[in-house]
Amino acid sequence: MALPFLFGVGAFVSLVMTIGSFFELVRLMVESGLPLETAARIFGLRLWGFIVLTFPMSMLLTALLAYSRLSADSEIVALKACGVSASRLIAPALVMSLCVTALTFVFNEQIVPSANYEANVTLARALNQDAPSFKRSNITYQEFEDRQGPDGNFSRQLARILYAKNYDEGVLQEMTVLDFTQDNLTQIVKAQRGTWLPKQQKWLFEQGRIYTIDSAGSYRNILQFDKQQVNISHRPIDWIEGSKRRPEEMTIRELGRFIQLSADAGQDTRSLWVQYYQKFSFPFVCVAFALVGATLGMRPQRTTRAVGLGLCILIIFGYYVFSVLAGAWGQLGYLTPIVAAWLPIFVTVGVGGILLWRVSR
């Protein structure tokens, strides 16, 4: 199965890269003056993500061609005559698919997120040098906390609201903080600059005022300061930094942390949860495709490489259409995020199981 797998990776990477990246970079070189060296760097960085994307496709083609060759040479018939079951026959394909699954997971965690992020940053800087990708404007962050009420029960309540006009290199400009964590008091902090101090685990506010308002709406205290350390959570910085990256540019741990911060900020996280669980489910597409490819290849007919490639494209197209639909259903709330991520895998494995049962007969 080694040679068909390498052939599949090469064929599918060429096809997917041409459609997904090559034409886009050529267009940018012609229309926007993207330098050739920069385009080549971006192409190389994006290559890792496309390679991982083709692992399940190549596993399907590998199993289909390898078992079709065994069937065409009557090896399948001979093995069955010796009492070897169909489930034992597909065992090598499943073992190889588990190895490819592990390789896919490692690539998705260790290489692809950073490569995707670096590619997007390189492209943004090359196209617009005066607008760095890390700049943010008109930032609003809401932070919720679980607080105990008079009846002793905990409920999720708004703790504070933060607004900043700009964010640049870890500094918030022209910021306003409304703090509701003190009973019967509301604290308003206005400052020209706010910088997070990691060692002190506090904020350094500069050139501002602190207003304290009681439950009746009257000012209790006004404090003007040049520099003031304020004990407020660092979550706004983490949330802003996390929002610089797309889910495909994050590891599982980073995405999980960003989802928690977004939930604390009152954001809708359903779409993020679907993508979070897809990071776990996607590598196992290799196992599902290996099962389908092996059982299809064991049928008593000859499948050439061209026919096998065409059949693979049809199966892959059908799977990914269903996967996109399941993801959309999860984002709309028709399915839970974990079901939306794993449903295409279970359906494909079910189809492979039916094919295996028919071959066993």
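Please read these numbers as outputs of a predicted model, since none were measured by experiment.
Within 6.0 Å of CD on Gln207 lie no more than 12 heavy atoms contributed by other residues, nucleotides or ligands. Within a 6.0 Å radius of CZ in Phe280, other residues, nucleotides and ligands contribute more than 12 heavy atoms. Surrounding CZ of Phe50 are more than 12 heavy atoms belonging to other residues, nucleotides or ligands, all under 6.0 Å away.
Arg46 pairs in a salt bridge (Lys or Arg N to Asp or Glu O under 4.0 Å) with only one of the listed residues (Glu248, Glu24, Glu249, Glu118), which is Glu24.
Within the 4.5 Å cutoff, side-chain heavy atoms of Leu123 are placed close to those of Leu34. Proximity of Met96 to Phe5: side-chain heavy atoms (C-beta onward) are separated by under 4.5 Å at one or more points. Using a 4.5 Å heavy-atom threshold, the side chains of Leu103 and Phe107 count as touching. Residues Pro92 and Tyr67 form a side-chain contact, since some pair of their non-hydrogen atoms from C-beta on lies under 4.5 Å apart.
Judged as a side-chain hydrogen bond (donor to acceptor under 3.5 Å, both in side chains), the pairs with a partner in residues 80-92 (not counting sequence neighbours) are, in order, Ser85-Ser87.
Classification of the Phe225-Phe205 ring pair by plane angle, with boundaries at 30° and 60°, yields parallel. Between Phe43 and Phe22, the angle of the ring planes goes over 60°, which puts this pair in the perpendicular group of the 30/60° scheme. Using cut-offs of 30° and 60° on the angle between ring planes, the pair Trp329 and Phe322 is perpendicular. Between Tyr276 and Trp273, the ring-plane angle classifies as perpendicular under the 30° and 60° cut-offs.
Note on Ile76: it clusters hydrophobically with Leu355, by side-chain heavy-atom contacts below 4.5 Å among ILVMFWY residues.
Thr101 places a side-chain N or O within 3.5 Å of a backbone atom of Pro283 that can act as its donor or acceptor partner.
Distance check, rounded to the nearest 0.5 Å: CE of Met1 to CG of Leu65 gives 12.0 Å.
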